[in-house]
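These notes are about the structure you will find just below.
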2 protein chains.
Amino acid sequence: MILIGERINGGFKDISQAVKEKDKTVLEKWAQKQAKAGATYIDVNIGAISNKIEDFLWMIESVQAAVSTPISIDCNKISFLKEALKICEKEPLINSTTAHDERLEQIIPLAIEYKASLIGVCMDEKGSPQDVNRRVELAAKIFTAAIEKGLPTEKLFLDPVVMPLKFLQPQASHILEAISQFKLLSEPSPHIVVGLSNISSQTTEMKLINRTFLVMAIGVGLDAAICEVTDTELVNAAITAELVQNKHIYSDSFLKAYHTTSSSQGI
Amino acid sequence: MILIGERINGGFKDISQAVKEKDKTVLEKWAQKQAKAGATYIDVNIGAISNKIEDFLWMIESVQAAVSTPISIDCNKISFLKEALKICEKEPLINSTTAHDERLEQIIPLAIEYKASLIGVCMDEKGSPQDVNRRVELAAKIFTAAIEKGLPTEKLFLDPVVMPLKFLQPQASHILEAISQFKLLSEPSPHIVVGLSNISSQTTEMKLINRTFLVMAIGVGLDAAICEVTDTELVNAAITAELVQNKHIYSDSFLKAYHTTSSSQGI
């Protein structure tokens, strides 16, 4: 399972304050916590708190000073992305391109140049997809563009766009069906990723809904998630789902074995 | 979700002792606990503790005296089944027939006569299935026999035979794939049921494995399980999986709403 730690995001108060005050310790703490919990990438998102490229680069540098886990560069601005790519010490993940022609044209070559992996989000100028077919259509568009330009399949992550269960309940089944169809794009298929926390937005049972939806999504082919990696029950559910799929060998200490291996990589 | 409470089984020490001593209170307690937890059926299995039909009928009667939840008659002996069917106050579930011709010939007509539902376990004289194809073949055999003899599809439950993850790890994926293929037998499809606890047999993380496998199985079409219905986390995971599938309408109190409705039916 490829776990992308979502916590270093300007949307959280402690992160916003830390960026303003240039207090590295908060970012270091969250980087270490997420690396220890098994994050494959540490997502860094400045959110709406600053327009300064220096602030974004400072965030990435703070994380890199604390852990060796690669960065997931989470930003919309191509100018920010370009600068961020220059300072990443390990091959990063670009989070993200959409299926807009213009963005595909610009971002895919950047991913290739920097040996970065790339999340392709299945939306375009017409907005978010509302059904399975539209998701698959946009996934195929991103996949084709990536392959034609020379991005290796194993560097591409397709994102079917998770929507809140509370407000768009029928979408959840569409997303699961879309994941199972993304798997058919190639053999081996590209990675499939979700921004998990969207599913439980404004619900009273966030962790239960996150965990249950994640297991169902893994069941149909998901292999990556941007999520709360410090939620042990969530990560244990994901490991167990992969155990059921025979991706880890069963031992009585399968949870411990996974945590030992994955957390030793980042810190 | 159709939940079949597994706890009234002679394999448990307290049940075995209660049957020997004809102590109704133990069976009443478990019947009520399971009904309250949302059991759709209360499974009654005498196990190896007695060969006397009176003992089995006493078990069923004790349960019926305590709750109005229908009985799942869990026995291999056709003579026991016949007597048990006569005393069931509500339409019961017969647990189970296999795909043996002889058993299909005898048990399907009994199910029809008593308006019982019937679990068809995908094994026959050659033993347990080892792959997806064999499971589907046996499911199709049971399904065809049931339909030809006149059992309504909605009364048939197909069981793909769950095996322990610890000892037969690759089987888990086969079972999930078999479930998704059973769904294609007809429209609407028959119910699909598992004996859930087998998956976690002799593991150190029984509840986590049960819960995770159940959610994955619901994700591919399972709608019934013989399980530990008093495990609240298990039942909540199942409800949430069905919420993701849009089978219950979301409300902030969706767990409470489900428990209130389901437990009020049996007690």
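Every value quoted in this text rests on a predicted model; they were computed, and no experiment measured them. Just so it is clear: chains get the letters A, B, ... in the order the sequence lines come, proteins before strands, and each one is counted from 1.
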Worksheet item: So which residues of residues 183-203 of chain B are in contact with chain A at a heavy-atom cut-off of under 4.5 Å?
Response: B:Gln202, B:Thr203
Discussion item. Within residues 204-228 of chain B, which residues come under 4.5 Å of chain A, heavy atom to heavy atom?
Written reply: B:Thr204, B:Glu205, B:Leu208, B:Ile209, B:Arg211, B:Thr212, B:Phe213, B:Val215, B:Met216, B:Gly219
Discussion item. Which residue in the set A:Leu158, A:Val161, A:Leu138 passes side-chain contact (heavy atoms from CB on, under 4.5 Å) when paired with A:Val121?
Written reply: A:Val161
Worksheet item: Would you say the side-chain atoms of B:Asp231 pair up with the backbone N or O of B:Leu234, donor to acceptor, closer than 3.5 Å?
Response: yes
Discussion item. Are there over 12 heavy-atom neighbours, none belonging to B:Lys256, within less than 6.0 Å of that residue's NZ?
Written reply: no
Fill in: Under 4.5 Å from a heavy atom of chain B, the part of A:Ile175 involved
neither
Discussion item. Measuring centre to centre across the rings, with the benzene-like ring taken for any Trp, is A:His248 within less than 6.0 Å of A:Phe254?
Written reply: no
Worksheet entry | Closest non-hydrogen atom pair between A:Ser128 and A:Gln130, with its separation | O-NE2, 3.5 Å
Practice prompt. Mind listing the closest non-hydrogen atom pair of A:Met123 and A:Pro129 along with its distance?
Written response: CB-CD, 4.2 Å
Discussion item. Please identify, among A:Ala241, A:Ser251, A:Ala238, the residue contributing the most non-hydrogen atom pairs under 4.5 Å to chain B.
Written reply: A:Ala241
Practice prompt. Calculate, to the nearest 0.5 Å, the distance between atoms OG and CG belonging to A:Ser72 and A:Leu93 respectively.
Written response: 4.5 Å
Worksheet item: Measuring from A:Lys166:NZ to A:Gln169:CD, what's the distance to the nearest 0.5 Å?
Response: 12.0 Å
Worksheet item: Applying the side-chain hydrogen bond (donor to acceptor under 3.5 Å, both in side chains) test to B:Asn95, which of B:Asn76, B:Asp159, B:Asn45, B:Asp43 qualifies?
Response: B:Asp43
Practice prompt. Output yes when A:Arg7 and A:Asp14 qualify as a salt bridge under the 4.0 Å nitrogen-oxygen rule, no when they do not.
Written response: yes
